[in-house]
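Each chain gets a letter, A, B and so on, in the order the sequences are listed, and its residues count up from 1. Heavy atoms only: backbone and side chains are in, while hydrogens, waters and symmetry mates are out.
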Amino acid sequence: MRHLIATSDLDREELESLLALTEKFVEVSSRPIPKVPALRGRTVALMFFEESTRTRLSFETAAKRLSAETVGFSVSSSSVKKGESLRDTAQTIEAMGVDLMVVRHASAGVPRQLQNWVEAGIVNAGDGWHEHPTQALLDCYTIQTRLGSLEGREVAIVGDIKHSRVARSNVAAFTMLGASVTLVAPPTLLPPSLRGWPVRVTHDLDEVLPKLDVCYLLRIQLERQAEALLPSLREYTAYFGLTARRAELLPPDALIMHPGPVNRGIEIAADVAELPRSVITDQVRNGVAVRMAVLFAILGSAGDARSTAARSEVVGGESSA
Amino acid sequence: MAERERRITPPYGGVFVARTRVLDGEDIRRAIWRMAHEIIEHNHGLDQVELIGLQTGGVPFAWALAEALEQVDGKRMAVGTIDVAFYRDDIGLRPVLPEAETSIPFDLTGRIVVLVDDVLFTGRTIRAALDALIDYGRPRAVQLAVMVDRGHRELPIRPDFVGKNLPTRRDEMVNATLEGVELGEMAKR
């Protein structure tokens, strides 16, 4: 693997092997010293053109647990503010000897475009409304550890589908692993066209809740209130919020998930987020291991330029037991 | 190195073709029996001793040793397993096997750890294992038991307990399982 731009670029085998690799890093993270020297000497640049706390910290922790160096910038203090172009910024950072770039950007397609401009590996940490593949991986991993597998599972993704890169990545990943996905949202928060999406759509949350294995709530992006897509937040909560009453409708072993940050009292009631089957904290914890797996799959694999060079040196000499 | 690992490891990525059988299952059993006695003698019993098998080839031997130790001494040994993939100095050359689990169900600190592997060759795997081990605790001592020592060391590492010293050429391959030890070559797939 050279890059990770979108879950829809992966095939099922690649997706499953990343989840299997994640298992190893969960074990690493559980050790007294949760750090391995696997990526010693490698440098990971955290390029967050859009603010983020959890994803950035998660990637940074992942890189450090693999002993990679991290460099990063935040938009407010970088020359992006001075009008430097994306291409110049990326090439400048690459010139400093960066092996992999973790990129978050408000515009869809930026990570894909960077692939053409730099030699470093690219990991998409969220681009516009497009994709957020590591979120999908950590969600799949969380479901897999709790429910065994996604095969034949009923998953509902509830909320602002239209503006959600998480929804796009997760629909692709969940269905690839054999789950059937229902999108639940008001018409104004659905994409204009769902052609080609392997999903069912409904506007009635109460109807789907009793058959779910996973109820996945998306964050209502309060900053979008200005666009008048919702009459009011209270009305949204009344129809699409996971209230205590609605949580009762879920089967007892169904999982409640949320990519965070949570707006308590809007898409999910405060006490529902605290239920034992709400796995929101598991998601965050697994995020580090999943990102370790992604970084290792790109930088620690034989397909990587540097290790290919190393290999040609050893081919003659190194042999094996 | 177990069969699956060998099959998907570049640059060999081939199949092992046996030329001669060096030990059979009975020989292996006797060698393990002897090594068990040596471990007990060397450590004045098993009170301090813990066994850890190296993934993937060493694990069956660690279990076999544990069984022999129990028959000789009566003490039931827990067996740990360790995967050194993330500690290697040649990361990217070998596959990381999801099934190669690291599991150390005891505290190493202050204990005598006997690392168990199938074949000792360059010593690089053992170097990685030593690094991995100290991330779990500080053993009082680490000893090394291998079924086959085939020579060609590239690091200052020596085994404490050896099933069979087997002189080899560098380009040969050794396949060691509980069923026997074979000497042969890798053939291209």
Side-chain angles (χ1 to χ4, degrees), chain A residues 1-2 13-14 16-42 62 65-68 99 121 141 144 289 292-293 295-321, chain B residues 1-2 5-6 9-12 16 54 57-58 83-104 107-109 117-122 124-125 128 131-132 134-137 146-150 152 154 168-176 185-186:
Chain A
M1 198 164 87
R2 285 268 291 123
E13 198 185 325
E14 289 170 311
E16 284 176 340
S17 78
L18 281 172
L19 296 176
L21 194 54
T22 301
E23 192 73 52
K24 310 218 73 164
F25 291 113
V26 167
E27 188 275 321
V28 169
S29 302
S30 72
R31 298 180 189 175
I33 302 174
K35 185 166 178 167
V36 289
L39 297 185
R40 223 165 25 155
R42 300 312 186 86
R65 287 190 176 169
L66 291 166
S67 303
D99 300 292
Y141 182 80
Q144 220 174 56
M292 289 171 83
L295 297 180
F296 183 81
I298 293 174
L299 290 178
S301 74
D304 175 53
R306 270 175 58 180
S307 48
T308 313
R311 174 158 76 207
S312 52
E313 284 164 28
V314 214
V315 166
E318 162 86 342
S319 181
S320 136
Chain B
M1 198 190 236
E5 190 178 352
R6 187 184 297 128
T9 299
Y12 338 107
F16 172 77
L54 263 71
D83 178 25
V84 304
F86 302 133
Y87 294 83
R88 302 199 67 94
D89 56 9
D90 55 357
I91 275 177
L93 300 190
R94 289 167 185 248
V96 175
L97 300 176
E99 65 270 28
E101 187 197 9
T102 296
S103 137
I104 299 180
D107 184 7
L108 303 177
T109 305
D117 205 1
D118 52 352
V119 180
L120 178 61
F121 182 26
T122 59
R124 288 179 189 267
T125 305
D131 272 0
I134 53 171
D135 278 357
Y136 286 88
V146 296
M147 194 59 220
V148 175
D149 180 356
R150 60 168 294 192
H152 303 284
E154 292 169 3
T168 57
R169 291 197 321 270
R170 258 201 93 90
D171 57 345
E172 286 174 312
M173 287 286 279
V174 176
N175 187 39
E185 276 92 23
M186 287 305 280

Inset, instruction - Could you tell me whether the side chain of A:Lys24 and the main chain of B:Ala100 form a donor-acceptor pair under 3.5 Å? - result: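 Side chain of A:Lys24 to backbone of B:Ala100: a pair is present.
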Inset, instruction - Kindly indicate whether the side chain of B:Asp83, heavy atoms from C-beta on, has any atom under 4.5 Å from the side chain of A:Glu27. - result: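 No, too far: nothing below the 4.5 Å cut-off.
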Of all heavy-atom pairs between [X] and [Y], which one has the smallest distance, and what is that distance?
{"X": "B:Val96", "Y": "A:Leu21", "answer": "CG1-CD1, 3.7 Å"}
{"X": "B:Asp135", "Y": "A:Pro32", "answer": "O-CG, 4.0 Å"}
{"X": "A:Lys35", "Y": "B:Tyr87", "answer": "O-OH, 3.7 Å"}

Inset, instruction - Using the six-membered ring wherever Trp is involved, compare the ring planes of B:Phe86 and A:Phe25 and label them parallel, tilted or perpendicular (cut-offs 30° and 60°). - result: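 B:Phe86 vs A:Phe25 ring planes: parallel.
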Inset, instruction - Could you grab the distance from atom CD1 of B:Ile91 to atom CG of A:Leu39, nearest 0.5 Å is fine? - result: 6.5 Å
Legend entry - Heavy-atom contact with chain A under 4.5 Å, split by part of B:Ala85: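 No part of B:Ala85 comes within 4.5 Å of chain A.
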